[in-house]
> 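Pasting in a structure now, in structure tokens, and then I'll have a few things to ask.
Proteins get letters first, then strands, A, B, ... in listed order; numbering begins at 1 in each. Worth knowing before you read on, the calculation uses all heavy atoms, side chains too, and leaves out hydrogens, waters and symmetry mates.
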Amino acid sequence: MRFPNPVAVKEIALRFGGRLMGDQEQYAHGINEIHKVQPGDITFVDVEKYYHKCLSSAATIILINKEATCPPGKTLIILDNPFNAYDALVKEHRPFRPLQQLISDTAEIHPSAIIEPGVTIGHHVTIGAETYIQSHCYIGDYSQIGSHVKIQAGTLIGTDAFYFKQQEGRYRQWCSGGDVIIEDHVNIGAGCTINKGVSGSTIIGEGSIIDCQVHIGHGVVVGKHCLLAGQVGIGGKTIIGDRVKIYGQAGISNNLVVGDDAIILGQSGVTRNLKSGVTYFGLPADEAKKQYAQLIALRKLAQKEDSNSYREDGD
Amino acid sequence: MRFPNPVAVKEIALRFGGRLMGDQEQYAHGINEIHKVQPGDITFVDVEKYYHKCLSSAATIILINKEATCPPGKTLIILDNPFNAYDALVKEHRPFRPLQQLISDTAEIHPSAIIEPGVTIGHHVTIGAETYIQSHCYIGDYSQIGSHVKIQAGTLIGTDAFYFKQQEGRYRQWCSGGDVIIEDHVNIGAGCTINKGVSGSTIIGEGSIIDCQVHIGHGVVVGKHCLLAGQVGIGGKTIIGDRVKIYGQAGISNNLVVGDDAIILGQSGVTRNLKSGVTYFGLPADEAKKQYAQLIALRKLAQKEDSNSYREDGD
Amino acid sequence: MRFPNPVAVKEIALRFGGRLMGDQEQYAHGINEIHKVQPGDITFVDVEKYYHKCLSSAATIILINKEATCPPGKTLIILDNPFNAYDALVKEHRPFRPLQQLISDTAEIHPSAIIEPGVTIGHHVTIGAETYIQSHCYIGDYSQIGSHVKIQAGTLIGTDAFYFKQQEGRYRQWCSGGDVIIEDHVNIGAGCTINKGVSGSTIIGEGSIIDCQVHIGHGVVVGKHCLLAGQVGIGGKTIIGDRVKIYGQAGISNNLVVGDDAIILGQSGVTRNLKSGVTYFGLPADEAKKQYAQLIALRKLAQKEDSNSYREDGD
């Protein structure tokens, strides 16, 4: 997320009792978790194995729990609990504001959009021209719905990321500072769920079509003109290329990349990056032709076992 | 779908700039896609490999993009884009009429039916005696809900078919001219989705019971006294026999036939027609006893590999 | 379920035309199905193979369809149809009372709880301090929601158990006499479904976190500080230990026990009890290291087959 006005690193250090290293005159322009950082951003790290990744990321200001060598042009803010400071900064710009009425006064809905009765529309939502949203849908705060979008009954968009930090054996949810962007001409079925990004955007690309009961995790990017069949699930921050087809009940783990024009067959479970233009199948998903060869090999093996056991019985 | 009044083929040809072949005095009584056509119906074809199937189907009037031999008693209407004409004819009889209020004035609800607050009921819906529908349900246009039916909270019935035509790299949704029929004594859990047929009916047979988060695709027919456990998904136009049991998270592809009394075990992925009275398992689903034999053969193979590798280590 | 006042066995026998054996002066303090019975409870049995289990259970009063040896201190009530009597007794204490308004007058909601507009809250529901429930949620009768709980949009809690008895080829639903208990600090995503217990409670333990579109069957007990990822499904009466992690789209059959700290990987299908602290994978789920060994063995087998077939082609 971007800040409406830049914030001085000195002010942040003062506020959370942190110590500055590196450039002390820096201003923060936004805040993002490590997978989504841009130059000018604050991010945080508190686990030694991610120090390198974080320090060498695009982030300009790093909240960190130990002294480290500050890369040139950057600022470190050393704090006992960097996550708490990170979370407080996000919450300051995304204060908890439960809805008081079904449609927030701050929502901007194009006059040609059609919103059926019984739809909930959160704060700062925008809805484009000729978009049609059926009854019982929920469009959470900051969602941006394009034009000529169709969202069928009971679909829930812009709910919080399933993203937690464990502290002393308890789960503590990150404040979701991100949002959901539904591009133009997207068609979404009934009963789907699309979570907000933790700090960036969850995006459904132009012209993509989504069947019923599909779940899209936080920060996922679905490309343009994709097809997602019923009950598909996509884990957080996975990037799906353009024109990808994902068939019924397939699941894709988090933090993966699926190439353009890939085809993922029904009930497949994807656990690694997939190449463009290839058809995948199975759990864990592999190229379909390899999987079919394995299925045939297994069938033969079982038949051989079976005829052997008959022979043993017969002898 | 049936037309309220028959329409002359001459009128259709004139309207869409088409050329008539065969019987020029014919009247169309309805319109259906190829899987659901009945005598008197219009259908369309624009892909050469389906010409034969379409011309020899029950349809009486065929919208087609090339000259062909007209079977006796039928009428061809030759058009540049048969799909556009087909879609326009369906839309004319199913105009887009978003809901203005939670319960449409045209819905016919039996006085003994119980509709909890917060239920949406579309145009031309009928609901039978002693039926009970919980809060947050959505019953889309033209749905026919029988008597003594129970539908739990948040279930979404009669939403549009996930059925698209690709034109120049873009998906274009067919107008759903069909409906949903829920027969008497059906019991449906919370959070289910049941799509309309594209041109025919999606049917849930008498006395069937459905658990939560089940998805039923367009034009599916579920037989009588079936059991569908939680998170099951059934693809478009699949026909399920009577007394079939489908356990949790199983998925069934589109356009299949499952025989009476078949049993489909949990998480199975059905990709071909299934016989009556047989138990199936696995992905792709096969007879359970065959699958178990394969699982055992694979376990033995892995153990042999393992003991071999120990021997190699030891030598 | 517990009765508000004890009921004399003589009164029950008289009411349903049953014959008493054993202690005739007994009082029933509650009624539960066989998996949940406590001393003082009524339960029932009508299938010979469950006679022993039922007679030796904690139940004090047994509705039974045949004479049997009455264990000391217990009472048998012999009836033609014990289920009908059982069901009638449950219904008497849980009469059918559909909602007349979105929030029942009998609900007890802590003043610090935040309920967004468009939430349905049933009869006798309790909601604790600082709990936040988003729009379109449904909280069914008798649900007990703790404090500091967060429930995201469209989640449906306390709907009836998917639990049926077959009588003459028809399914007849048991009246759900149980409830749902959501303990403190639980965090539930959007579009989930959690069914009531048949006679006991469905429990989500303190501090557990649940992603979107998760289904929890009747009478399930989820331990404390568990993580359930998107689209997970858990079958009726399964007991999940503390700190268990269940990843996306995994399914767990009914009546199982999963030990503390177990990890169930994505899309696994659990069909038997799982040990504490072990990682499981696959369908049917087994220890992940065993499953990986089998995957490797199968891959090798298919490669061998493949090179053999090349050799055959080549020779």
> Would you say B:Leu156 and A:Cys212 make side-chain contact, with heavy atoms under 4.5 Å?
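A side-chain contact under 4.5 Å is absent here.
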> With a 4.5 angstrom heavy-atom cut-off, which part of A:Cys192 approaches chain B: side chain, backbone, both or neither?
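For A:Cys192, no heavy atom lies under 4.5 Å from chain B.
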> For B:Val214, which atoms come within 4.5 Å of any heavy atom of chain A: side chain, backbone, both, or neither?
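For B:Val214, backbone heavy atoms alone lie under 4.5 Å from chain A.
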> With a 4.5 angstrom heavy-atom cut-off, which part of B:Leu301 approaches chain A: side chain, backbone, both or neither?
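Just its side chain gets close to chain A.
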> Taking it one step at a time, do B:Phe164 and A:Leu227 satisfy side chain to side chain contact (heavy atoms under 4.5 Å, CB included)?
CA-CA 10 Å; B:Phe164 293 80; A:Leu227 178 158; over 6 Å; no
> Which one of B:Gly217, B:Gly191, B:Gly235, B:Gly233 has the most heavy-atom pairs closer than 4.5 Å to chain A?
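Of the options given, most contacts go to B:Gly233.
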> Among A:Ile209, A:Leu265, A:Leu295, single out the residue with the greatest number of heavy-atom pairs under 4.5 Å to chain B.
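So the answer, after comparing A:Ile209, A:Leu265, A:Leu295, is A:Ile209.
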> Would a 4.5 Å heavy-atom cut-off, applied to side chains only, mark A:Leu283 and B:Leu283 as touching?
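A side-chain contact under 4.5 Å is absent here.
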> Can you see which heavy atom on A:Ile114 is nearest to which on B:Phe96, and at what distance?
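So the minimum-distance heavy-atom pair works out to CD1-CE2, 3.6 Å.
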> Please flag which part of A:Ile188 lies under 4.5 Å from any non-hydrogen atom of chain B: side chain, backbone, both or neither.
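For A:Ile188, neither part sits under 4.5 Å from chain B.
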> Tell me the closest heavy-atom pair linking B:Ala297 and A:Ala302, and the distance in Å.
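Result for this residue pair: CB-CA, 3.9 Å.
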> Quick check for you: among B:Pro284, B:Ala293, B:Ala161, B:Gly122, which has the greatest number of heavy-atom pairs under 4.5 Å with chain A?
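Of the options given, most contacts go to B:Pro284.
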> Only pairs under 3.5 Å, no angle test: what donor-acceptor pairs are there between chain A and chain B?
residue	atom	partner	partner atom	Å
A:Glu116	OE2	B:Leu99	N	3.0
A:Ser135	OG	B:Thr120	OG1	2.7
A:His136	NE2	B:Thr120	OG1	2.9
A:His136	NE2	B:Cys137	O	3.1
A:Lys150	NZ	B:Asp160	OD2	2.6
A:Lys150	NZ	B:Gln173	OE1	2.9
A:Gln152	OE1	B:Asp160	N	2.8
A:Gln152	NE2	B:Asp160	O	3.4
A:Asn187	ND2	B:Gln173	OE1	2.9
A:Glu206	OE2	B:Arg170	NH2	3.0
A:Gln213	NE2	B:Gly191	O	3.4
A:Gln213	NE2	B:Thr193	OG1	3.0
A:Gln213	NE2	B:Val214	O	3.2
A:Gln231	NE2	B:Gln213	O	3.3
A:Gln231	NE2	B:Val232	O	3.3
A:Gln249	OE1	B:Gly251	N	3.4
A:Gln249	NE2	B:Gln231	O	3.4
A:Gln249	NE2	B:Ala250	O	3.3
A:Gln267	OE1	B:Gly269	N	3.4
A:Gln267	NE2	B:Ser268	O	3.1
A:Glu305	OE1	B:Lys300	NZ	3.1

